[in-house]
Amino acid sequence: MSKIPFLLIFILAVASLPVINNWLSHRSQNLNDDYIGERLDNYISKNFDRVLKALQEESAKNSYANATKNKISQHKNEIFDSTYPYSGNENSNIIAVGFFDYSCGYCKAIKNDVKQLINDGKIKYIFRDAPILGNNSLKAAKGALATYFIDKEKYLDFHYAALDHRGEFSDKTILGIVKNIGINENDFNNSMKNNADKIEQMINNSKLLVRNLGVGGTPFLIIGDSLFVGATDLNVLRKKVDELKD
Ligand SMILES: *[C@@H]1O[C@H](CO)[C@@H](O)[C@H](O)[C@H]1NC(C)=O
Ligand SMILES: *[C@@H]1O[C@H](CO)[C@@H](O)[C@H](O)[C@H]1NC(C)=O
Ligand SMILES: *[C@@H]1O[C@H](CO)[C@@H](O)[C@H](O)[C@H]1NC(C)=O
Ligand SMILES: *[C@@H]1O[C@H](CO)[C@@H](O)[C@H](O)[C@H]1NC(C)=O
């Protein structure tokens with residue numbers, strides 16, 4: 001046997017010991033070391049492909065998680081930026097950041113979970129309007145931020161109403177939302193005009209961040225050093241928050 005495959009098998013055997021050991025001891029408590037060694041040799045030679053695959057998957061998962069942590073830490077000033085709208089416990093040092101597009105189905109679907117997470121009162125939650133689904137999404141995002149510059153609290157009303165909206169966004173539906181949440185139409189139009197550059201810059205920055213983090217779509221959430229892509233279960237998010245709390 002040449003050196004490299006031999007080395008590989010040796011590494012595999014050592015690396016898989018805890019897993020296999022666990023599996024074996026699960027079946028019988030009183031095994032001696034020789035017996036385990038023999039079973040291990042046997043198991044590895046019979047299941048070489050499976051062992052290799054499991055180890056590769058584990059290592060891919062670890063290096064993905066590692067790469068994500070590195071990216072988050074590299075961009076942390078842009079991510080945890082409190083000049084963007086936020087809600088929740090503003091004194092908390094656990095910060096979650098949500099990236100969303102008002103036309104995206106999963107963003108709408110996780111609305112109530114995000115609301116719950118904020119209402120738990122343990123985190124500060126920053127909202128990042130990242131419209132990646134075209135011009136109508138962009139319009140809605142601009143409307144949200146124009147509202148933010150009029151009244152920070154009303155931003156949240158706009159945000160949740162826009163997520164509840166079904167169908168395409170148009171100037172008319174956006175003005176409808178604005179009026180429904182008690183913002184004067186004239187004030188809104190003025191804010192759209194007067195804050196146009198700031199709003200565009202904020203949206204551009206959020207979209208650039210989506211690209212730099214290498215995430216393919218919305219929604220995604222960053223909590224501390226972890227990234228949750230798509231519609232993540234509320235319990236998973238709560239578990240992460242509690243981990244950071246300890
Ligand atoms: C994780 O990333 C750090 C920082 O770049 C690096 O030093 C370390 O070797 C990486 N670990 C793994 C398992 O890839
Ligand atoms: C989006 O809007 C821009 C400028 O308002 C326009 O040039 C572009 O054609 C529009 N794109 C689509 C797909 O409607
Ligand atoms: C606000 O702007 C919209 C176009 O986006 C226009 O239709 C509407 O008449 C304007 N409203 C006021 C009060 O100026
Ligand atoms: C935002 O991005 C758009 C499209 O890439 C670009 O045309 C525009 O100049 C940018 N605006 C600002 C304020 O950076």
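Indexing begins at 1, ligand by ligand and atom by atom, following the structure's order. These numbers come from a predicted model, not from an experiment.
- Residues Leu213 and Ile222 form a side-chain contact, since some pair of their non-hydrogen atoms from C-beta on lies under 4.5 Å apart.
- When only interatomic distances are considered, the shortest N/O to N/O separation between Asn189 and ligand 3 falls below 3.5 Å.
- Applying the disulfide (SG to SG under 2.5 Å) test to every pair with at least one member in residues 210-246, sequence neighbours left out, gives no pairs at all.
- Between the side chain of Lys122 and the main chain of Asp242, no donor-acceptor pair closer than 3.5 Å is present.
- For residues 37-148, the pairs satisfying disulfide (SG to SG under 2.5 Å) are Cys104-Cys107, with sequence neighbours left out.
- Ring pair Phe99/Phe220 is parallel by interplanar angle, where below 30° counts as parallel and above 60° as perpendicular.
- Contact residues of ligand 4 (protein heavy atom closer than 4.0 angstrom to a ligand atom; sorted by chain and number): Glu200, Gln201, Asn204.
- Sorted by first then second residue, the salt bridge (charged side-chain N to carboxylate O under 4.0 Å, His left out) pairs that include residues 212-239, not counting sequence neighbours, are Asp120-Arg238, Asp225-Lys240.
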